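Below: one structure, written as structure tokens.
In what follows, chains carry the letters A, B, and so on, assigned in the order in which the sequence lines appear, proteins first and then strands, with residues in each chain numbered from 1. All values reported here derive from a predicted model rather than from experimental measurement.
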Amino acid sequence: MNILQFFKEAFSSLLSNKMRTFLTMLGILIGVAAVISMLAIGNGATASITSSIESMGTNLIFISQNSDVSNPEALTLSDAIAISDANPQYIAAVAPSVQNNMTATYSGNSISAQVYGVTPEYEYVRNTPTSEGSFITQSQVDERSTVAVIGVDIAEELFNTTQNVVGNKIRLGSYVYTVIGLLEEQGGTSIGSSDTQIFVPITTAQARIISRTNTHNEVSTISISATNSDDVQNAIDEVTKIMQSQHGILGDEENDFTVMSQESITEAASSITAVLSIFLGGIAAISLLVGGIGIMNIMLVTVVERTREIGLRKAVGARKSDILSQFLIESLMIGLLGGILGILLGAGISALIGKIAVFSSTALNPQISLSSVVLSTLFSVGVGLIFGIYPANRAANLEPVEALRTE
Amino acid sequence: MEKNVVEARDLVKTYQLGEIQVDALRGLSLKVKRGEVMAIMGPSGSGKSTLMNILGCLDRPTSGQYLLDNEDVSKLSDDQLADIRNRRIGFVFQNYNLLQRTSALENVELPLRYRRDNGNNHKEMAAAMLERVGLKDRMNHKPFELSGGQQQRVAIARALITNPAIILADEPTGNLDSKAGIEIMQLLLDLNKEDDVTLIIVTHDPGVAKRTNRIIHIIDGKVEK
Ligand SMILES: Nc1ncnc2c1ncn2[C@@H]1O[C@H](COP(=O)(O)OP(=O)(O)OP(=O)(O)O)[C@@H](O)[C@H]1O
Ligand SMILES: [Mg+2]
């Protein structure tokens, strides 16, 4: 028999008992659907995390405290000043910031906001342009002005509008701040979106926003912009050298600060999703194993039921290998069909979740990768084959006389 | 001598059922000439089906020699036996043994599928054969849509499709009423005349046996003289 005929026969044999065929492939189907949709959602989540990190700019560098070291020296404004005063070759701008979460109120409306104390450089380094009014200026920093630049979500929540909000007075803690600028909308709910942030002069924040235990010179993060994205590593080296001398760290001592590029954060995010993928892969393996055992089970039953047929085929000239191929191809096709239907179902689930995400304005766009489709198909076929070997072998080794005698 | 399609010498077949030994054949010898129509009779359990299985290369004798067309088949491998069954032997069973989900045409075609050639006129050959057994207008019927006699005709067409040297029919009329039985018998005899195919028929029916050239009786695993 040629291979095409084997497939034809297997297909019509599967068709002749549709319900059983469907139930047999159910394990594979559900397993593959779960894997496809979970991976798609994982991909979507990674993509939106990565894009929100990348939207910060590819030449961005952060310095933060290294809490793995005992008694780390705090980052201070002087560190930031030292970096810019060193006239570094690869650094375009330095923007220290302090941060605290506070409730902002305006005539009965209130919203919880991330309040940042910043310098004018922040606008350039972190790319937070204003759509109305202007960003914090140096003189406002010098004078510790009680002024604020707010994100669109804040404006929407406090004033119920994003038009003509400059000049309004909002309350943060026990102080009143004049709104001097509205940030351009970033959209989505991507992590670190400035839409829910409020910016005030860093000096004002150090005096009034951050908790009293902090000395007034401390900053939470220093954001740095490298001169260009190819020089990020050079900029990191420069910053590290300056910071080491600022904090009096000798050559082989561990740094009490961390310098990270935007790229390394992206990598960290990807490594989290890699772990997620391994986890999903484990679930996939288990469900495929269960699906495979299901196939084996039914194939064994099928072989018993069709013993007479096997005997007859042998009587008219089927070789062992013919019977083996026949049953292997059947179980392979069950695997393949289960895989294909699973991929379709998984695609459906992903699309549904994408719709729900859009509906609830969550930045999640599930993406089915070609590799996950190819892999699931191969896996399903492989499972069908492997778990078909034992039943097919049984069928092939039946003695023709015995097989013909069974009722 | 070379005219013998079947030449069996001292065939012994012993089944081991745990402690008990069952001697189904006890040194049976037999010669059948080409084109002969032979009936095998004998009481139940005397070894008729056991003999047919060995003659049909479905089973191997415990000892003894079996020459099919002067070729000793006792030493052949499973695959070689499969090919011999495919090309030189046609089986007709008491219970027809048709594939239930498959049309008459495809049932007849089945042996051709296991033939290791690339002939692509299998459908036409099967159709012609069905026409010969008088089922031209039933080709696409499934077995459950056919009467017992018609099913046996399909089985006979399947046995003949590979143009075998012998047809082994183990109680071919056993499941049929006498009218259908006579028709099937007539069909087999006609085919024997037209194709010169050797016919070996196991039967309990003296009426069937009477129509053959030669009757042998098997008792306790031996041919009764
Ligand atoms: N697979 C087997 N295992 C054990 N004993 C067997 C087997 N096949 C046949 N026998 C025994 O061999 C003997 C001959 O059996 P066989 O089927 O050849 O009889 P038979 O002449 O065809 O009988 P019937 O006319 O009833 O069909 C019987 O005693 C039977 O029980
Ligand atoms: Mg019998």
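Residue with the most contacts toward chain B among A:Ser321, A:Ala315, A:Pro400: A:Ala315 (heavy-atom pairs, distance under 4.5 Å). Of the residues considered (A:Glu399, A:Lys320, A:Glu309, A:Arg308), A:Arg308 shows the highest number of contacts with chain B, using heavy-atom pairs under 4.5 Å.
More than 12 heavy atoms of other shown residues, nucleotides or ligands fall within 6.0 angstrom of atom OH in B:Tyr66. Remark: A:Phe279 CZ is loosely packed, at most 12 non-hydrogen atoms of other residues, nucleotides or ligands lying under 6.0 Å away. With a 6.0 Å radius and a threshold of 12 heavy atoms from other residues, nucleotides or ligands, A:Phe359 has its CZ atom at or below the threshold. Under a cut-off of 6.0 angstrom, the local environment of CZ in B:Arg60 is crowded, with over 12 non-hydrogen atoms contributed by other residues, nucleotides or ligands.
A donor and an acceptor atom, one from each side chain of A:Arg313 and B:Tyr114, are located under 3.5 Å apart.
Looking only at side-chain heavy atoms (C-beta outward), B:Phe93 and A:Leu404 come within less than 4.5 Å of each other. When side chains are defined from C-beta on, A:Ser12 does not count as touching B:Arg101, because their heavy atoms never get closer than 4.5 Å.
Listed here is the closest heavy atom pair of A:Leu312 and B:Asn97: CG-O, 3.3 Å. The nearest pair of heavy atoms linking A:Val401 to B:Leu58 is CG2-O, 3.4 Å.
Of residues 74-88 of chain B, those residues lying under 4.5 Å from chain A by any heavy-atom pair are B:Asp78, B:Asp79, B:Ala82, B:Asp83, B:Arg85, B:Asn86.
At a 4.5 Å heavy-atom cutoff, the contact between B:Asp59 and chain A is made by backbone and side-chain atoms alike.
Qualifying ring-ring contact (aromatic ring centres under 6.0 Å, His included) partners for A:Phe387, counting only residues two or more places apart in sequence or in other chains: none.
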